[in-house]
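Working notes, beginning with the structure itself.
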Amino acid sequence: MFSRRWRFGFDRFAEVDLFTERHETSAETLSQAIRAAASEEPDADGSVLFGHLRGTVVGLRYYTGVVNQGEMVGLVRQPQNPYDRNAVMVANVYGNQVGHIKKELAAAMAYVMDNNLAKVEGVVHSGTKNTFTMPVNLSFWGKEENKNTVMESMARRGYKLNTGVGIQAGAYQTSSSGPGARGFPSKKGLTIPLTAEELKNAFDNLFEGLIESQDGEKEAAEAVSTPLLPHQKQALSWMCARENKSALPPFWEKRGELYYNSLTCFSAKEIPERVRGGILADDMGLGKTLTTISLILTNFHNGKPLPVVTCEKQFSPMKAKTQMSSRLEGSSSAGMSDTAGDSLCSEGAQVEVTPDVVEIADEPEKSTSKGKKAVKRKPSKEASVLFEDLDFAAALSGSTSDTTSKKKKTANVTQLHAGVKSSIAENTDDLSARTTLIICPLSVLSNWLDQFEQHVHSNVKLNVYLYYGSERNRSKKFLSSQDVVITTYNVLSSEFGNKSPLHGINWLRVVLDEGHVVRNPNAQMSKAVLDLKAQRRWILSGTPIQNSVKDLWMLLAFLRLKPFDVREWWNRVIQRPAMHGERAGMQNLQTLVKCITLRRTKTSEVNGRPLVSLPDKKVYVEQVELSQSEREEYERIHKEGKNIIKRYVAEGTVLRNYADVLAILMRLRQLCCHPDLVAKILSDLGAAATPAELRERLIEKLRLVLASGSDEECSVCLDSVRLPVITHCAHVYCRPCIAQVISTEQERARCPLCRSEIKTSELVEFPQEELEEESSTKSERWRTSSKVQALMGNLLRLRCEDSSIKCLVVSQFTRFLTILETPLREHGFSFVRLDGSMNQKQRTQVIQEFQSSAADSPVIMLLSLKAGGVGLNLTAASRVFLMDPAWNPATEEQCIDRCHRLGQKKKVVVTKFIVKGSVEENMVKIQRKKQDLVEKAFGSTNADRKTSRIDDIRALMELC
DNA sequence: ACCGCCGGGTGCC
DNA sequence: ACCGCCGGGTGCC
């Protein structure tokens, strides 16, 4: 412990006891102190190397921290040191103090460090066996603008920083096996930095192509009622192994008697603390929730199932607590006979423990000696006795015992700094820990409850407590007696620092659902998450990397992947090298991630067979003939538009007038669906207009195109535009895409399409889902269209054949959905509608209604093409009608996947309506071309894109 | 620390 | 000798 260290020096000085006491009460271990300091660790981004210095570490004999040759050390300011306010402490990777920086140098460094002028990093190359002092190579890193100040201030005190790319080069290791290539491109050209593109690809691929689990499969405990799919059994097996096996964490190897970390060069006598847990990063829909529930029930202690009480009579598996029923109205979990179930069980008459779960490891695995004592207790028939045994076992194991730690203190044992909390509560199995804490976003809370109900045998009494709502039970004793406690990130972070019971419990397991939501390490939520005490930690996420390597730190820190849970080591060994495009850094990152992550995608295979086999999917195109009057109007507008575009093509101004072109195309596409969709106000770009007016009108046209719901393409990412912004020159891009263009080209930034100057200040935001005025359509009399007729014909036929089949009717144009409501109502179809204008609550409501299998549940969902994220689950439908083609075939695919996904029982039939002899047909051709390009996976140049766009337009308008 | 520094013991060769 | 020299005690910040 921190204060113990000081004792050696302080005992002689009565007055410093005050100081000692202060630290005693806060009882911080050094590693915790460093971790706390690490939250203020400057971001490694954009810092440059100022230079190196050879310094001296003194006072080695007073501390137990050891270092190996080439090992990195941490330099921590100690402004409270009573002997020298300038003191700089030296600690090894594990946070064990090694010594101090010699005082003269410390004085110089203190100024630089305290004013945040530079971050000083140390590496020890020699003298690690010395008794009294050892040399240390210091490197100074910081912002370019601080360089001179730092150099001068060091020089003033007689320390000249060596700026040459010298032999020592500040790297902590120069051998090729290690990360010695860190820092700066070596002159020998050993490291060729990755290009920005390669770097991005590396990030994107970080979670791809991970080796599939070699652990085989594991059956879930009997209490799990749902049979697991093969890949879920695999995941369960992997998760159990990660919790039980003591495989060395990444980069650790055994060298003789010692354990050695090849990245940090740290070695230890003890087996390094393993990461019990990891990241389950399976794709959406592969059953992460079910797998986690299985883990909870299957792997209690020492690989044995959770001891659960079963009742002979059937009742709701969950003890639905008051909050659960009151909070989640509409959730099916709250109902039924839970009160009856409670009383049944509490009376105890029918209480019985299933034989196979009583035995808590009669054959203990090779666990710690302390663990053995605990598990050798006899199996019991009584659940209550069993728990007492466990408590007793915990006492034996000494997890809370004071005597153990006192012994350690006096014996001056090496590992004191690893921290009492972590070394004891986590190294040895604290068999009294029972509860799994699940933290999730509010939006999936009810899903967890439903899934527990759905997948746990109805005669098993699993105590699941929803820690949510103002009436929640904050008793630590109560919470830690539960099997599962579920709460939200918001509740967790609001309790943090406020004598939070959640932080006072030693959890058996903490599960972060949608773990990627925790990203910013400075956020209260992150701190709250990191501060939880648990033996095992899991992160569930369908999208583990959202932006960059930076986000990963939070995940690894949560998992306590030593030593990278301390930001400094993470920055030095992983993040900075990776950001600088060093292959070694990226590779190390990849290795780390691989070791702790299981990720399968829908396309992954198990033993050569697809992970999940979905029912068939058939896609049909149904050609629609326009009526004579529709055709006449279409041809009239087509001719007009063709002439305008022809002129643009001749003038070479297609791209400059792109918004107008889009508007013309839009009008034609709308005509194919329904004549009333065409906006009446689309004024012509009159010849009399000034350039400024012209631009205004172009932008206005683009707004209308976007507002109608059309799925436009961003020319930077070539994908559907996300968070659209409109440039001054009336082109639309994803905000992040254009922001990147502007930041890379700086002042000279130009529109990728027309090369006009673009400025951030001139970008026009466009709200994602703008509400449309529907007044115009309502005032007029409703009329039909050929496409409406085509759809209704299909729907009526289907109702005769099989009235139980549910349909998705999809359009990009929300106003078209509105038009469709009239005939649906007329024919007595019960339907719901889901579009972008709806809030979260409305969406959930509608989805729930539609997904319901009740007899009177809606048969049709009117769905706007882009509504809802990838997570939108509409498996109740097995028939899809795509009313109009999208530019981007992938968008249509995603939409279809909302019903053609895990959980779909029927074969899926998709009908695409395409108007014969119209832009729609041409769009389909272009879609195919795009698909080909995607499949060829090429990188086209900007010029290619521009010409191909013009080609597209010509093809669409049949100008060729 | 196989050093440097401090301070007491000592004092030609 | 108000010195030099010797040798023991001692030692981070």
Side-chain angles (χ1 to χ4, degrees), chain A residues 1-24 26-34 36-38 53-69 71-140 150 153-154 156-159 409-417 568:
Chain A
M1 222 186 280
F2 210 16
S3 50
R4 296 293 155 193
R5 300 278 133 196
W6 295 107
R7 266 289 152 72
F8 290 92
F10 291 164
D11 282 346
R12 278 172 265 153
F13 303 89
E15 72 272 18
V16 292
D17 267 9
L18 243 181
F19 175 76
T20 317
E21 285 312 311
R22 210 174 53 204
H23 277 256
E24 192 111 77
S26 67
E28 283 207 314
T29 64
L30 189 54
S31 53
Q32 279 173 317
I34 293 174
L53 199 62
R54 174 166 277 239
T56 311
V57 187
V58 297
L60 300 187
R61 64 164 154 157
Y62 299 98
Y63 308 100
T64 54
V66 289
V67 275
N68 289 305
Q69 290 227 337
E71 187 176 327
M72 325 182 289
V73 290
L75 303 165
V76 184
R77 277 280 291 118
Q78 275 182 337
Q80 301 296 326
N81 189 304
Y83 299 96
D84 183 358
R85 290 181 299 106
N86 294 324
V88 176
M89 183 196 78
V90 179
N92 69 15
V93 176
Y94 264 22
N96 297 337
Q97 181 164 5
V98 176
H100 280 106
I101 292 291
K102 210 168 157 44
K103 67 173 177 292
E104 295 78 11
L105 177 54
M109 281 166 63
Y111 175 79
V112 166
M113 291 170 84
D114 292 348
N115 291 296
N116 275 326
L117 297 171
K119 171 101 189 83
V120 191
E121 299 181 353
V123 181
V124 175
H125 287 290
S126 61
T128 51
K129 299 273 194 294
N130 294 3
T131 327
F132 304 101
T133 65
M134 64 169 85
V136 58
N137 287 327
L138 304 171
S139 39
F140 290 65
V150 170
S153 117
M154 293 303 290
R156 249 200 316 278
R157 289 163 188 271
Y159 295 98
K409 283 165 201 163
T410 44
N412 200 11
V413 177
T414 359
Q415 269 295 311
L416 268 181
H417 275 318
E568 172 166 4

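Keep in mind it's a predicted model, so treat the numbers as computed, not measured. Throughout, a chain's letter reflects where its sequence line sits, starting with A, and its residues are numbered from 1.
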**Study point:** Euclidean distance, atom CG of residue Leu60(A) to atom C1' of dG11(C) [Å, nearest integer]
**Key:** 13 Å
**Study point:** Nucleotide dC5(B), atom C1' - distance to NZ of Lys102(A) in whole Å
**Key:** 12 Å
Check your understanding: What pairs with Asn130(A) under side chain to side chain donor-acceptor pair (under 3.5 Å), at least two apart in sequence or on another chain?
Key -> none
Review point. Between atom CE in Met109(A) and atom P in dC13(C), what is the gap in whole Å?
Key: 13 Å
Check your understanding: Stacking between Phe132(A) and the base of dA1(B) (centre distance under 5.5 Å, interplanar angle under 30°)?
Key -> yes
**Study point:** Side chain Asp84(A) and base dC13(C) donor-acceptor under 3.5 Å
**Key:** no
Practice item. Under the side chain to side chain donor-acceptor pair (under 3.5 Å) rule, collect the residues that match up with Asn68(A), sequence neighbours excluded. Key: Ser267(A)
Point to revise | Val67(A) side chain near Val57(A) side chain, heavy-atom distance below 4.5 Å | key: no
**Study point:** Rounded distance in Å between the P positions of dC5(C) and dG9(C)
**Key:** 22 Å
**Study point:** Closest approach of Val123(A) to Val73(A) (non-hydrogen atoms, all atoms of both residues)
**Key:** N-CG2, 4.2 Å
Check your understanding: Once you round it to whole Å, what is the distance between P of dC13(C) and OH of Tyr62(A)?
Key -> 9 Å
Review point. Under a 3.5 Å cut-off for both distances, is dC12(B) Watson-Crick or wobble paired, and to whom?
Key: none
Point to revise | Integer-rounded Å distance: dC13(C) P and Asn86(A) CG | key: 12 Å
**Study point:** Nearest-angstrom distance, C1' atom, dG11(B) to dG4(C)
**Key:** 9 Å
Practice item. Could you check how far CG of Asn130(A) sits from P of dC12(C), rounded to whole Å? Key: 16 Å
Practice item. Have a look at Ile101(A) and say if it touches a base, only the backbone sugar-phosphate, or nothing, with a 4.0 Å heavy-atom cut-off. Key: sugar-phosphate
Study note, to complete from the structure: note: Tyr63(A), atom OH; dC13(C), atom C1'; distance rounded to Å ~ 6 Å
Review point. Expressed as a whole number of Å, how far does the P atom of dG8(B) sit from that of dC3(B)?
Key: 25 Å
Check your understanding: Between atom CZ in Arg77(A) and atom P in dC13(C), what is the gap in whole Å?
Key -> 14 Å
**Study point:** Phe140(A): which of Met113(A), Lys119(A), Glu121(A), Met109(A) passes side-chain contact (heavy atoms from CB on, under 4.5 Å)
**Key:** Met109(A)
